[in-house]
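All chains are named by letter (A, B, ...) in the order of the sequence lines, taking the proteins before the strands, and each is independently numbered beginning at 1. The basis for the numbers below is simple: all heavy atoms, side chains too, and nothing from hydrogens, waters or symmetry mates.
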Amino acid sequence: MAQVRRTALNRLPDVETPNTDEEVWRYSRISELNLDRYTPLKRQRAVDTVVERDLAAFGPMSAVVVIRNGWLVEVTLNAEAADAGMTVGPIADLDDGADHLGAALDVPADLFGYLNRAFGPEPVAVIVPDGIRLEDPVVVVVLTDADDAAVFPRVIIRVGDDAAVTVVELHTSTEVGSLVVPVLEATVGSHGYLRHAVVQEMGPRAWQLAHQAFRVDRLGTVETFAVALGGDYVRTRVDCCLAGRGAEGRLTAAYYGEDDQTLDFRTFQDHAASDTTSELIFKGAVDGSSRSVYSGLIRVRPEAVRTRAHQTNRNVKLSSNAWAKSVPNLEIETDDVVCSHASTVSPVDEDQRFFLESRGIPTGVAERLLLEGFFEDVAAAAPHPAVVETLREALAERLDRRKAGEEDTP
Amino acid sequence: MNERVLRIEGLSARVDEIEILHRIDLEIRPGEVHAVMGPNGSGKSTLSHVLMGRPGYEVTEGSVTLDGIDLLNLPTWERARAGLFLALQHPTEVPGVSLESVVTESARAAGRSTEGVNEVLVAEATRIGFDDRFLSRPVNVDLSGGEKKRNEALMMGALRPKYAVLDEIDSGLDVDALAAASRRIQEATDEDDLGVLAITHFSRLLEVLEPDQVHVLARGRIHTSGGPELAERLEAEGYVGVLGETGTPVDLPTGIIHQAGFGDDPFVDPLA
């Protein structure tokens, strides 16, 4: 680990801070970032305080991991999962820990990837050995409650050949003005199956610059699900590399922006082998003066014949001050592929609203039904009922606030 | 107690600054069926949308009252709550919203009990020949034209309006669905005293739904009114025969009518 950190640290002076001239940072708020504002934590704070959490909705869990301000503070592994050979804990404790680090992401994507390597205190590994298929989810709580801190959590997931697991990450913060740079690396073995979700409910002052890298081997499948709700500026980059023949990636997201927050997604569907399939559906709503950015690239490499790749991004603009940008891209280097992309930014559909109103439904209720309906198909893709529940509750809260806001304005 | 009538008086309306309707007068009483017939471009659809308050349609003069309630000052949903129903020519697909939640929210807004909504829907579905697995699916999504028409009649049956405006529900090719929908509407006029304003281009709707009165709309005006025999005359003579050359719209080039497959006479039923 020390070696990895040192190498990353040494590289840091040569790595430039991203700027909006780069396509992958276009429309971002990176120019507002003042890194000097944040201090990397040298040691764990407040070890004695138990992190409050309510995970009852998840029912039985294979493991619970709590990462606080980047440090691993708790690992609970249930006996069944432990007996099956599952490992959850600091990567430094693993004999082959070094092999897992960088398995899905050998070179950091940007400055923040290097910072994570240099300052990340304790990468946490979730290892599911070959042939082990776990029913109950692994829940990872990533909490930030240190103020003005730069926080670098890192989670590494290995799903072995013929193995299966569901991992749900819950990213939360108190009302701190910190910068959180989480990195996830996940590899899925041959015929393996990973269902992954991140539910992001950061506090209103937090910045998060997240990177998720998935690498899927032959006939393996990854399903990712992102619920983005909180934060001042939250950017998530997702790299899904379909590296083995017949690998499959399903990427889904639901986001809802309020006030002046910005929710930003950059996705890469990287088809690097033949007969691979990817399906991306990202849907969001922007209210108040919030903003959302989606830019996605489907890349089909020369060897990836018979690729099927689809990408859909739909945005509903709920107020005249809200703003959404959607930029789909294709880069196809072979023939015999089926690719499509679609993107929309539009207000609530006038015809649909009129139809509901004409059936006796008040305007506000009609819009609410339409918005709930808008998110219904993405909710169906969530890997666990508790995630669906969280999404529905968050949506209901926001729609209630919206209604209250309308009643306030005559 | 207010007089029970849907009364349209001197109604004029425009769309995009162009006056489409000129001083329309109509009175529909409970249990009555009125047919408004007219060639393409005569203002038929505008009339239905103005009555329901669709955005983009501006009333310039006149009034519409439903059992004494002034409709034009009400938002669309309150017009529906007052007892007006609009069945659309092309019912809107509403992804993610089920028929059940539409009828439930409508009942809630009207202060009615929301219990038993499902039973009512199942009963109405059986009555109209609509597969009840559609009840919990998104409204109209992936339904055929005929199924959408059955769905409109089903919703009307469940919402129990006092007056229904049917906006060219006889377009489309599913004759069985049209017959089932018309039959349901006819039954509502007998059982629930529903008043009907059926806006149509063709007379085939009126084979099931028997009109008490027929009005011919041309260039935004009621040109002629009469009994059911007027519809028969239109069938035999076409709009040109009834209205004369000057009564047919001049703003619609005949080329468009040809393209739409109506031939020289826009009244010719493509199914006939």
Those residues of residues 48-71 of chain B, ordered by number, that approach chain A below 4.5 Å (heavy atom to heavy atom) | B:M52, B:G53, B:R54, B:P55
Compare every heavy atom of [Y] with every heavy atom of [X], then report the nearest pair and how far apart it is.
X: A:L395; Y: A:L371; value: CD2-O, 4.4 Å
X: B:A158; Y: B:V103; value: CB-CG1, 4.3 Å
X: A:A386; Y: A:A57; value: CB-O, 3.6 Å

Using a cut-off of under 4.5 Å on heavy-atom pairs, state which of [options] scores highest against chain A.
options: B:E105, B:E93, B:R81; result: B:E105
options: B:A109, B:S106, B:G96; result: B:S106
options: B:E78, B:R79, B:E152; result: B:E152

When the ring centroid of A:Y255 is compared with that of A:F265, is the distance short of 6.0 Å?
-> yes
Is it the side chain or the backbone of A:L370 that comes within 4.5 Å of chain B heavy atoms, both, or neither?
-> both
With only heavy atoms counted, which part of A:L356 is less than 4.5 Å from chain B, the side chain, the backbone, both or neither?
-> side chain
Under 4.5 Å, heavy atom to heavy atom: which of residues 344-355 of chain A reach chain B? Give them by number, or say none.
-> A:E350, A:D351, A:Q352, A:F354, A:F355
Between [X] (side chain) and [Y] (backbone), is there a donor-acceptor pair under 3.5 Å?
X: A:Q261; Y: A:L229; result: yes
X: B:D16; Y: B:I18; result: no
X: A:E279; Y: A:R308; result: no

Audit row: A:T236, A:V198, side-chain contact (heavy atoms from CB on, under 4.5 Å) steps and yes/no | CA-CA 10 Å; A:T236 305; A:V198 171; over 6 Å; no
Residue pair A:L318 / A:Y256, side-chain heavy-atom distance below 4.5 Å | yes
B:L159, part contacting chain A, at a heavy-atom distance under 4.5 Å = side chain
Option from A:Q212, A:Q200, A:H196 for which side chain to side chain donor-acceptor pair (under 3.5 Å) with A:E169 holds | A:H196
Lys/Arg N to Asp/Glu carboxylate O, B:R29 vs B:E3, below 4.0 Å | yes
Pairwise distance OG1(B:T189) to CZ(B:R184) - rounded to 0.5 angstrom = 10.0 Å
